[in-house]
Amino acid sequence: MSELTGKRVLVTGSARGIGRAIAALAIERGARVVISDADADAAEQTRRELDAAGTASCDVSDEAAVGAAIAETVGLLGGLDVLVNNAGIEVSSPLVTQSTESFDRIFAVNVRGPFVATKAAVPHLVESGGNIVNIASVAGLGGSPLLGSYCATKAALIQLTRVAAIELRASGVRVNAVCPGFVDTEMVDRLRPDFEDATQVPFADLVGAKQGRLGTPADVAEVTCFLASDRAEWITGSHYVLDGGLTASLV
Ligand SMILES: NC(=O)c1ccc[n+]([C@@H]2O[C@H](COP(=O)([O-])OP(=O)(O)OC[C@H]3O[C@@H](n4cnc5c(N)ncnc54)[C@H](O)[C@@H]3O)[C@@H](O)[C@H]2O)c1
């Protein structure tokens, strides 16, 4: 029996990138997975490619749409064991020149999204003895030029993880976070030119020096699926760093 056999899983932002890899590995390990993304067409294509159980798409910043997607997932799967709050966006800008609208938008997606999804999912997770994995970032643990608002959202997500874990412990619902370094997805493709401008170092050299190599979506999926499984039964309120030593290094 695989470690996620029979688990009913919803992954937000799973049409591509890290979310897609989490959905793919969960399916491989026996879970029934619903794909959800703001890009509903891409979500449907991913569902077909992965032979996932269904789609329930939403923009995670829209509380009503998130509630509907979770209700749809529960209808499709007959309950919910795991919520992966993966959907997130980046903004590349010096803090003092970033617009307030863009600051509000990144908080709406990266912080309000997991908050409203957690609220909607918890009654179902209490019923199943399930758990939540929040995809945070090493950007929630240290600062980076150009990523001020992104760093703030990921620090907020780590704190939401901790407090939700404490408040939900008695109900049997676990809540954990994963903090990857740079991972090879379209998000990093978009950030690459701005980082090269800001540091005057080729991105590949920066990544090679600081984390050995780029992470893969599969690296993140591995830890996420472990945390979602019953093997992680005593782990809650934690954040797992996967960064090839990036945050361990002073030079
Ligand atoms: N790539 C990295 O280096 C890296 C590192 C650490 C953490 N993360 C985090 O991992 C998560 C996934 O990142 P990725 O690199 O796969 O990004 P990506 O941009 O490659 O893919 C993100 C997916 O989320 C969807 N999405 C965006 N906004 C959404 C919204 N409002 N509602 C629902 N879906 C939405 C997109 O359509 C896309 O399919 C994010 O939370 C990101 O912050 C990424």
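Numbering of ligands and ligand atoms starts at 1, following listing order.
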Problem set entry | Sidechain N-carboxylate O distance under 4.0 Å for D230, K7 | yes
Exercise. Can you name the one residue among T185, T46, N86 that meets side chain to side chain contact (heavy atoms under 4.5 Å, CB included) with R20?
Worked result: T46
Problem set entry | K154 to ligand 1, any heavy atom closer than 4.0 Å | yes
Exercise. Which atoms of ligand 1 sit under 4.0 Å from any heavy atom of V109?
Worked result: 31 (N)
Problem set entry | Heavy-atom nearest neighbour in the protein, as seen from atom 26 (N) of ligand 1, with distance rounded to 0.1 Å | D37 OD1, 4.1 Å
Exercise. In ligand 1, which numbered atoms sit nearer than 4.0 Å to a non-hydrogen atom of E186?
Worked result: 20 (O)
For this session: Report the part of A139 (side chain from C-beta onward, or backbone N, CA, C, O) that has a heavy atom under 4.0 Å from ligand 1; answer both or neither where that applies.
Result: neither
Exercise. Does even one non-hydrogen atom of R190 get within less than 4.0 Å of ligand 1?
Worked result: yes
Exercise. So does D37 pair up with R47, basic N to acidic O under 4.0 Å?
Worked result: no
Exercise. Looking only at side chains, do S61 and R105 share a donor and an acceptor under 3.5 Å apart?
Worked result: yes
Problem set entry | Flag side-chain contact, heavy atom, 4.5 Å: V183 against I18 | yes
Exercise. In terms of atom number and element, which parts of ligand 1 are under 4.0 angstrom from non-hydrogen atoms of I89?
Worked result: 27 (C), 28 (N)
Exercise. Against heavy atoms of F182, which atoms of ligand 1 measure under 4.0 Å?
Worked result: 3 (O)
Problem set entry | Side-chain donor-acceptor contact under 3.5 Å, E49 with Q45 | yes
Problem set entry | Pairing of E44 and R48 as salt bridge, 4.0 angstrom limit | yes
Exercise. Are any of the side-chain heavy atoms of I158 and L141 separated by less than 4.5 Å?
Worked result: yes
Exercise. Quick one: does S61 get an N or O within less than 3.5 Å of an N or O on ligand 1?
Worked result: no
Exercise. For atom 31 (N) of ligand 1, what's the nearest protein heavy atom and its distance?
Worked result: D59 OD1, 2.9 Å
Exercise. Nearest protein heavy atom to atom 24 (O) of ligand 1, by residue and atom, and its distance?
Worked result: G13 CA, 3.5 Å
For this session: Check whether any N or O atom of V60, backbone or side chain, sits under 3.5 Å from an N or O atom of ligand 1, and answer yes or no.
Result: yes
Exercise. Is it true that R162 and E167 have a side-chain N and a carboxylate O under 4.0 angstrom from each other?
Worked result: no
For this session: Among all protein heavy atoms, pick out the one at the shortest distance from atom 21 (O) of ligand 1; state its residue, atom name and that distance to 0.1 Å.
Result: R16 CG, 3.9 Å
Exercise. So which heavy atom in the protein is nearest atom 29 (C) of ligand 1, and how far is it from that ligand atom?
Worked result: A38 CB, 3.9 Å
Problem set entry | Shortest protein contact, atom 42 (C) of ligand 1 (heavy atom only) | Y150 OH, 3.5 Å
Exercise. Is the closest heavy atom of T12 to ligand 1 under 4.0 Å?
Worked result: no
For this session: Kindly indicate whether the side chain of D104, heavy atoms from C-beta on, has any atom under 4.5 Å from the side chain of E101.
Result: no
Exercise. So is C58 in contact with ligand 1, going by heavy-atom distances below 4.0 Å?
Worked result: yes
For this session: Would you mind reporting whether H239 and N134 have side-chain heavy atoms less than 4.5 Å apart?
Result: no
Exercise. Taking atom 41 (O) of ligand 1 as the point of reference, which of N86, V11, T153, D39 owns the nearest heavy atom?
Worked result: N86
For this session: Consider ligand 1: state whether an atom of it lies below 4.0 angstrom from any non-hydrogen atom of C179.
Result: no
For this session: Measure from atom 10 (O) of ligand 1 to every heavy atom in I135, D189, N85, I35 and give the option owning the shortest one.
Result: I135
Exercise. Heavy-atom distance under 4.5 Å between the side chains of V109 and V60, does that happen here?
Worked result: yes
Problem set entry | Geometric N/O contact I18 with ligand 1, under 3.5 angstrom | yes
Problem set entry | Salt bridge present between D184 and R213 (N-O < 4.0 angstrom) | no
Seminar exercise, completed: among protein heavy atoms, the one nearest atom 22 (C) of ligand 1 is G88 O, 4.3 Å
Exercise. Is the closest heavy-atom distance from G113 to ligand 1 below 4.0 Å?
Worked result: no
Exercise. Hey, does the side chain of S149 reach the backbone of F103 with a donor-acceptor pair shorter than 3.5 angstrom?
Worked result: no
For this session: Could you tell me whether some N/O pair between S137 and ligand 1 is separated by less than 3.5 angstrom?
Result: no
Exercise. Do the non-hydrogen side-chain atoms of T224 and V84 ever get within less than 4.5 Å of each other?
Worked result: yes
Problem set entry | Where ligand 1 meets G181 - atom numbers and elements under 4.0 angstrom, heavy-atom basis | 3 (O), 5 (C), 6 (C)
Problem set entry | Close-contact set for ligand 1 against V188 heavy atoms, below 4.0 Å | 1 (N), 2 (C), 3 (O)
Exercise. G17 heavy atoms, cut-off 4.0 Å: which ligand 1 atoms fall inside?
Worked result: 16 (O)
